[in-house]
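Remember, predicted model here, so these are calculated numbers, not experimental data.
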Amino acid sequence: MKCLRSGFGMCDQEDKDDGGSSSDSDDVDSSAESPQGTDAECEIEGISFTPVPKGLFASPVPTSRSGGTAAFFRTRYVGPSGAQQQKWGRSDDYWLAKDLARAVDELGFYEQIGCRGPEYRLLHRWAMEYGGVLTARCEGTEAGKLEPKPRQLMLLRNLRDGMQSLRMLDIKVGSKTAVAGWQGKRGSAAARQFVVDLLTNSSVEGFRLEGFDNPPEALQTALEGEPIVCPCFKVGKKQRRFTLQRLTAEEFLLHWMDFSGLREQEAKKRKEVSGSTNSQAFMKVSGSIAQPSVKGPLLPLEYSEALLFDAIGQLAAMSVDSLAMPVPQMWIGSSIALCCEGASLPDRQRAFHVLQARAQNPDIDDTALGCKSLAKVAVFDWGRSELNTAEAHGVLTSEERSMRETFWPIWQKGPLRVLFDAMHLYCDQFKPGPSDGCVVTFRVMDEDTHDPSDLIGTVELPLAPTNGPVTLQIAMPNHWDLRAHTPELTVDIWRKETPCDSRFQEIWHVKILGVSDLPSMDWFSESDPQVHVYIGSPSSNSPPRKAYTPVVYNDNDAKFNWRLDFGFLRPHVFESLVAMLSRAFGQTIDESFMTPPVGDSREARNVAFEAFTASVACFSKLSNSGGRKALRLRPAGSWNLGIPGGGGAGENARRSADVGDSGSGPML
């Protein structure tokens, strides 16, 4: 069926307003003609497409990409103002162009979305916006020179639009990401993909991380690996990708919301506010204590909490929307994108507006918000996907229907599992409760690139201000005591007064200044230290709050000067999360739905997830478990908002941090 969405130029229409674009400019492609006339001119490999009128865009410029084989190009609108600009040029970077030479399989899927009714809300709301096919000559490898032949480019919504630096997770959904014979997939390629599924998080949680644009310093330094002269031991692209693919959702989400690298921007903004002559720059509370004004950006920790809260609301709405699809789908190898601004802190008043609106309506979009969300959630990569309809499903054989009925619940559980882990991470990192009785545990690790990381030693001290830097001796395991070393760790801990409008009741800064006299854990070089910090209460079984410093390679006396932030939410903020999820799921839920699993193994988390899906009525059909909730989950009272949160700093912290003993550091 030929389907051309309303609002785009039709194939049989005359091109309009040739003189409206800047045709005299050198970078405008005036030689490429827009497809017009016959239907054959508007088809690629038998797929009818929506053409973009000529003269509206400057010559596309190549841009970098994090993965895949298709080339991407930046576009810039140069057409006339008015209605066409509202349609095609809402911002300079609104569209990203994808070369159809390696992505034609997606074209038919995007064209069909516009023809589907409101029952396909999952696609209308969460698929990337599609703008048609632009035929244009692009810039080549040499700047300013156009390629001899025009390309056909698919215009997709540019997720980088309006951002200084996009931080993006590319999460490939499905425990099985390739099927032999499906959409032209060769059996040998499907067999190779089966091995990848088996060795990565796809076989554990039903998805894997394929790409991470602009990761934080803690992950970036670990991915780069030790600087080695010999090329044989350098960390290559495939090894970095395999490391990402083995991360669980809890692990990569923790890195996604790590903004400790923005502390310099925070200090700059605070200096600007403190130097202002505005009498409202500071507010007096609690006697003589001065607190920052409510003007300006969020603190880095506040941004982390706000971002995860916003993402949880959207993931919940997406998971519910997947249940409304009229017939089962086969979306093999499609991905979920989680995006955010990674280089600047958002304005706090805009952020609070977004969070308040999201709590009341998890499904609210940017148009209704009147501004951009903090998090952007989208579904993309339809190369091996089929958009099934009721009509098409009715003529399928029983075997073909059975295949779709088998694979569709697998896909539906993908975003639901990401949501489940995001909920638990939010509770682990930000749960309310006073900090009384909490303990800070420092685990000094030797981060290894090609083999398991080593635990050098640990330090524990109560969560209390140190009143300046303190140097503490690192307790090493017994088998290292024979070495003539007295390793030390220098840290500084202080409590920050929270802004009067903050969602946190307590914020703690833990600054890792450096280590000294570490033993050399590697054969041919000095150690590569990284410090893992955990804050928890010995009286609680809940997992501890955690954060990581970057890795410093080949230095037994490494200097970090890295500040990590920890916080305790106000109780009403946590209650708003529970209320938001209740609205999204259409049933009243309480804290028992987010209790931590019994045990820290992946198997225990899988059992807890199945219990969660069985407990939420709308998702109960997706659950593989029977009535295991009462047997496997802790009672709701273990998460009383008045009890200090955090994990056991002694054995509980070590158990939750066993990634160091197993050698994977913060990445597994």
- prompt: In terms of side-chain geometry, is the basic nitrogen of Lys172 or Glu210 positioned less than 4.0 Å from the acidic oxygen of its partner?
  reply: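 No, no charged N to carboxylate O under 4.0 Å.
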- Message: Taking the basic N atoms (NZ, or NE/NH1/NH2) and the acidic carboxylate oxygens, is any pair closer than 4.0 Å for Asp366 and Lys376?
- Response: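 Answer for the salt bridge query: no.
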- [ ] For residues His255 and Pro215, determine if any side-chain heavy atom of one lies less than 4.5 Å from a side-chain heavy atom of the other.
- [x] no
Quick one, Trp331 with Phe109, criterion side chain to side chain contact (heavy atoms under 4.5 Å, CB included). Give me CA distance, side-chain angles, the key distance, then yes/no.
CA-CA 11 Å; Trp331 293 351; Phe109 195 98; 3.7 Å; yes
Ignoring hydrogens and angles, tell me if any N or O in the side chain of [X] forms a donor-acceptor pair with the backbone of [Y] under 3.5 Å.
X      : Y      : result
Arg358 : Ile364 : yes
Gln329 : Val327 : yes
Thr50  : Gly132 : no
Glu341 : Ser165 : yes

Checking Asp170, Asn201, Asp197 against Arg208 for side chain to side chain donor-acceptor pair (under 3.5 Å), the one that qualifies is Asp197
In terms of relative ring orientation, are Trp382 and Tyr110 parallel, tilted or perpendicular, with 30° and 60° separating the classes? perpendicular
Self-check item: Trp95 and Trp88 aromatic ring geometry - parallel, tilted or perpendicular at 30°/60° bounds
Solution: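 Geometry flag for Trp95 against Trp88: tilted rings.
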- request: Give a yes or no on whether Phe194 atom CZ has more than 12 heavy-atom contacts from other residues, nucleotides or ligands under 6.0 Å away.
  value: no
Hits for side chain to side chain contact (heavy atoms under 4.5 Å, CB included) against Ile47, two or more places apart or cross-chain, chain-then-number order -> Val104, Leu107
For this session: First locate atom CZ of Arg116, then atom CG of Leu123, and finally report the distance between them rounded to the nearest 0.5 Å.
Result: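 Between Arg116 CZ and Leu123 CG, I get 10.0 Å after rounding to 0.5 Å.
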Sequence neighbours excluded, the answer for ring pair (Phe, Tyr, Trp, His ring centres under 6.0 Å) partners of Tyr426 is Phe430
For this session: Test side chain to side chain contact (heavy atoms under 4.5 Å, CB included) on Gln314 and Trp126 and set out the steps.
Result: CA-CA 9 Å; Gln314 295 184 57; Trp126 304 106; 3.8 Å; yes
message = Looking only at the side chains, is there a donor atom on one of Gln356 and Gln360 sitting less than 3.5 Å from an acceptor on the other?
response = no
Under 3.5 Å, is there a donor-acceptor pair between the Gln84 and Tyr77 side chains?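 Side chains of Gln84 and Tyr77: no pair found under 3.5 Å.
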query: Does NZ or CZ of Arg157 lie under 6.0 Å from the centre of the six-membered ring of Tyr130, at an angle within 45° of the ring axis?
result: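 Geometry flag: not set, cation outside 6.0 Å or 45°.
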Residues 182-192, side-chain donor-acceptor partners within the protein, below 3.5 Å, at least two apart:
unit_1, atom_1, unit_2, atom_2, d
Trp182, NE1, Arg384, O, 2.8
Gln183, NE2, Ser385, O, 3.0

